[in-house]
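Below is one structure, written out as structure tokens, with a few remarks after it.
Small disclaimer: the values here were computed from a predicted structure and weren't measured. To find a chain, count down the sequence lines: A is the first, B the second, and so on, and within it residues start at 1. Quick note: numbers below take in every heavy atom, side chains included, and nothing from hydrogens, waters or symmetry partners.
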There are 2 protein chains.
Amino acid sequence: MARLKDVAKAAGVSIATVSNVLNGTKTTTPVVQRRVLEAITALGYQPNLHARSLRTGQSRTLGLVVPDLTNPYFPALVQAIETTARAAGYALIVMDAGNDAERETEALTLMASYRVAGVIWVPVGENHAPTWPFPVVTVDRAVPGCDTVVADHLQGGSLVAQHAIALGHRRVGLLSGPRSLASAALRRAGFLRAATGQLELAWEHEVPFSSELPPHVQVRLAEPGCSLVVCANDAVAVGVLRAARAAGLRVPDELSVIGFDDVPWSDFVDPALTTVRQPLAALGAVAVAMLHTRINQPALALQHQILPVELVARRSAGKAPAEPAPVPAARPGGQS
Amino acid sequence: MARLKDVAKAAGVSIATVSNVLNGTKTTTPVVQRRVLEAITALGYQPNLHARSLRTGQSRTLGLVVPDLTNPYFPALVQAIETTARAAGYALIVMDAGNDAERETEALTLMASYRVAGVIWVPVGENHAPTWPFPVVTVDRAVPGCDTVVADHLQGGSLVAQHAIALGHRRVGLLSGPRSLASAALRRAGFLRAATGQLELAWEHEVPFSSELPPHVQVRLAEPGCSLVVCANDAVAVGVLRAARAAGLRVPDELSVIGFDDVPWSDFVDPALTTVRQPLAALGAVAVAMLHTRINQPALALQHQILPVELVARRSAGKAPAEPAPVPAARPGGQS
DNA sequence: GGTCGCCGGTTAAACGTTTAACCAACCCGT
DNA sequence: ACGGGTTGGTTAAACGTTTAACCGGCGACC
């Protein structure tokens, strides 16, 4: 490959001059500038970023560590990160932690070897934050010493509750996600807060983020005793859809279902899922923006951004069915 | 960050010695070896790969260029590539071409600047193959000067036909993908070949890879005139599912549907899609293996591997319904 | 018209590695 | 006892950049 030296020789000029016109470090006379640029295109010169990084001590590479690329949540995030990173002049080294804390630290130390300018990190679980030799911004989970950008799960939960109320539901079942995950806990909290006084919690179960529902939940769904099931996840929403079908319950006529995440296929299942959309693209864009400013101004105060989510109403959640006179506890004087 | 020099000083030994024990270049006495290793862990030394690459002229980084990360086909592929690449000691720089040929070449030239050891490339469309300064293996599409690994779309097509025959179908509709894409053309060819003599092609339409079906196909599906629709894609299969539902046709009782790809959610739609699974993980693993050998032996003959696919039978395709005596064209003597 | 400052260019050092070339000491066989 | 091979270590050059330091010439200012 052509080196700076070759360009210099071809342009009849010193190697430093080529470097200068290349990055506009010093002013140059137009004629020599033209000669240099011509030589560059003629030789198809591409700067050696290894050499540049070595010399300048900074690199134009960002790292990205995610727990599991096949999680439908991530592709859109990764895409947004890659696109905005490249637009800002960074390339992206991606590593998959395989949902394993050990492989995750492995990945992060590797990132150190590659001398990335910074990394965007979606932590796999609860974690120690050994301090890394590069700035880190975490996405979706807060980690003590790091900048963070998360979706507003709390708001998401309350949006669900509001929607349920607006549709006229009274008794709802709740399938909440692993309590140990901050995001799941926040969704639950937001939902419960906005539900108090308006919605009655028929039952609640804590389930993993999966469409394979545990047996006791399946039997519960055979006779839900509520008009709406609020799910931790689009995946568990699909599980509920299945269970409902198995029980002969028509969705949404007899039972409404609400998911969370708006994964790409939530519009493909039948009925299409009413769910809460996470601002994946914005999450990614903000993450690289934060990282970029942190790289340039390491001393800045820690940032913590919370991005708004959005309820997308589709067919899986409909109006509450006319109450089958459900044990009229309060008799306001009507005939019984 | 700690440099080789620091380790050397801490261990009371020369910088070259440290390098030697680090990569086992020369034999060293056990005592000095221990001292060096201790110093390394004590200082938390991580080699500067930029410097190493600069010196050795080779890098431990691979590139990956894909048309669109949000395409459900890719995450599993990317994951497989990343995992096997890292196991082989490479990091992976990922770039999304945004389905745009221009951004794609942009990405590839950038890869040159990063001096990647080689790149794995899923080309966005029909293409010129300007020769790149690094080895390239393409996935899913053949490109003249490159090693290639593809799934056996031809076999996939014929598997579909065989399955249809086994289920007793006679008249089928075919929604084939863009003829300009080699993969789509192969699927079609494989299907038609295996179908001849056994299956009657009621109709065929060429559709884009999308679940939004063009209007004329929608009206066709309102009265399909066949017992099975073979789809170019899982996405279009979902489109067919929708149209069938709109037309009041029960799937699979009245109409069977077969997709292609086995995207992650094909098990989530209702009914779960019968489809053809592409060996995504194998594709990725083979791609990096090929690239690895090509990097080490540039002069080898070009490779072209075709990986077997697999039909996964789910609920969307069932037995052919008893023929409603469909205009008995051939009268074997029955009363007319 | 002499001097000062700027302008446009060059020279050379440095970044952190690897590795060829060199060297001292030691072991062994004669 | 002496020389040659081997063993375990060091010195220094090189990879392709950036950038500080240097320098000649030219225009401007007094």
Worksheet item: Just by distance, with hydrogens left out, do A:Asn99 and A:Glu104 show a side-chain donor and acceptor under 3.5 Å apart?
Response: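 On atom types as modelled, these side chains do not qualify, holding no pair under 3.5 Å.
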Fill in: Exercise: do A:Asp147 and A:Gln305 side chains pair donor with acceptor under 3.5 Å
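Note: A:Asp147 and A:Gln305 side chains miss the donor-acceptor criterion.
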Practice prompt. Could you tell me whether B:Asp6 and B:Lys9 have a side-chain N and a carboxylate O separated by less than 4.0 Å?
Written response: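 Salt bridge flag = no for B:Lys9 with B:Asp6.
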Discussion item. Just checking A:His292 against A:Tyr90, ring centres under 6.0 Å apart?
Written reply: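 They qualify: ring centres under 6.0 Å apart.
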Worksheet entry | Check: B:Val13 main-chain N/O paired with B:Thr17 side-chain donor or acceptor under 3.5 Å |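 No: the side chain of B:Thr17 does not pair with the backbone of B:Val13.
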Sub-3.5 Å pairs of nitrogen or oxygen atoms, protein against nucleotides 14-19 of chain D:
from   : atom 1 : to      : atom 2 : distance (Å)
D:dA14 : N3     : B:Arg55 : NH1    : 3.4
D:dC15 : O2     : B:Arg55 : N      : 3.3
D:dT17 : OP1    : A:Tyr45 : OH     : 2.8
D:dT17 : OP1    : A:Asn48 : N      : 3.4
D:dT17 : OP2    : A:Leu4  : N      : 2.7
D:dT17 : O5'    : A:Tyr45 : OH     : 3.1
D:dT18 : OP1    : A:Asn23 : ND2    : 3.2
D:dT18 : OP1    : A:Arg52 : NE     : 3.1
D:dT18 : OP2    : A:Ser19 : OG     : 2.6
D:dT18 : O2     : A:Arg55 : NH1    : 2.0

Discussion item. Would you say B:Thr27 places a side-chain N or O within less than 4.0 Å of OP1 or OP2 belonging to D:dG8?
Written reply: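 B:Thr27 to D:dG8 OP1/OP2: side-chain N or O found under 4.0 Å.
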Item to complete: Using a heavy-atom cut-off of under 4.0 Å over every strand shown, decide if B:Ser14 touches base, sugar-phosphate, or nothing.
Response: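 Since a base atom lies under 4.0 Å of B:Ser14, the category is base.
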